[in-house]
Amino acid sequence: MNMGNVVATAGMHALVSIIIELMCITLAWYVIQDVKLDLFMRRPRSIRARLLQVMIAVIFGHLFAGFVIDYWQWSNLLKGIVE
């Protein structure tokens, strides 16, 4: 494998990881919309409340994306056993 292939592979891995990360954050945002966070906030429609929802979505989305990306990498490593 030459250096060009290594760089291309790393770039493709980075692009797929970014896409997975953004999709998981979007999914977390979608799920958080059904959680009744207004029970814990004085003003659930304020900027601070929305910012908290965004932060929670980023945290949970990042954690879930980390799991998905790790699983993807591990499954790719298993291909080496079969070959």
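We number each residue from 1, following the sequence as shown.
Annotation: side chain of H62 is not in contact with side chain of I59 (no heavy-atom distance under 4.5 Å). Between M41 and R48, the closest side-chain pair of non-hydrogen atoms is not below 4.5 Å.
Note that CD1 of I47 and CG of L52 are 13.0 Å apart. Values are rounded to the nearest 0.5 Å. One distance of note links CG of L27 with CD1 of I20; it measures 12.5 Å at 0.5 Å rounding. Between atom SG of residue C24 and atom CD1 of residue I19 there is a gap of 12.0 Å, rounded to the nearest 0.5 Å. With rounding to the nearest 0.5 angstrom, the CZ atom of R43 is 14.0 Å from the CG atom of D38. Atom CG of N5 is separated from atom CE of M12 by 12.0 Å, given to the nearest 0.5 angstrom. From L78, atom CG reaches atom CD1 of I81 across 5.0 Å, with rounding to the nearest 0.5 Å.
The minimum heavy-atom distance between I69 and E21, with the atom names listed, is CD1-OE1, 4.4 Å. Annotation for A49 and P44: closest pair CB-O, 3.3 Å, computed over non-hydrogen atoms. In this structure, W72 and V16 approach most closely via the heavy-atom pair CH2-CG1, 3.6 Å.
Linking ILVMFWY residues whenever their side-chain heavy atoms come closer than 4.5 Å, directly or via other members, leaves I25 and V68 in distinct clusters.
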Practice item. Please step through side-chain contact (heavy atoms from CB on, under 4.5 Å) for the pair F67 and L63, ending with a clear verdict. Key: CA-CA 7 Å; F67 167 76; L63 289 172; over 6 Å; no
Check your understanding: Could you go step by step and tell me if Q73 and D70 meet the side-chain contact (heavy atoms from CB on, under 4.5 Å) rule?
Key -> CA-CA 5 Å; Q73 289 174 343; D70 284 345; 3.8 Å; yes
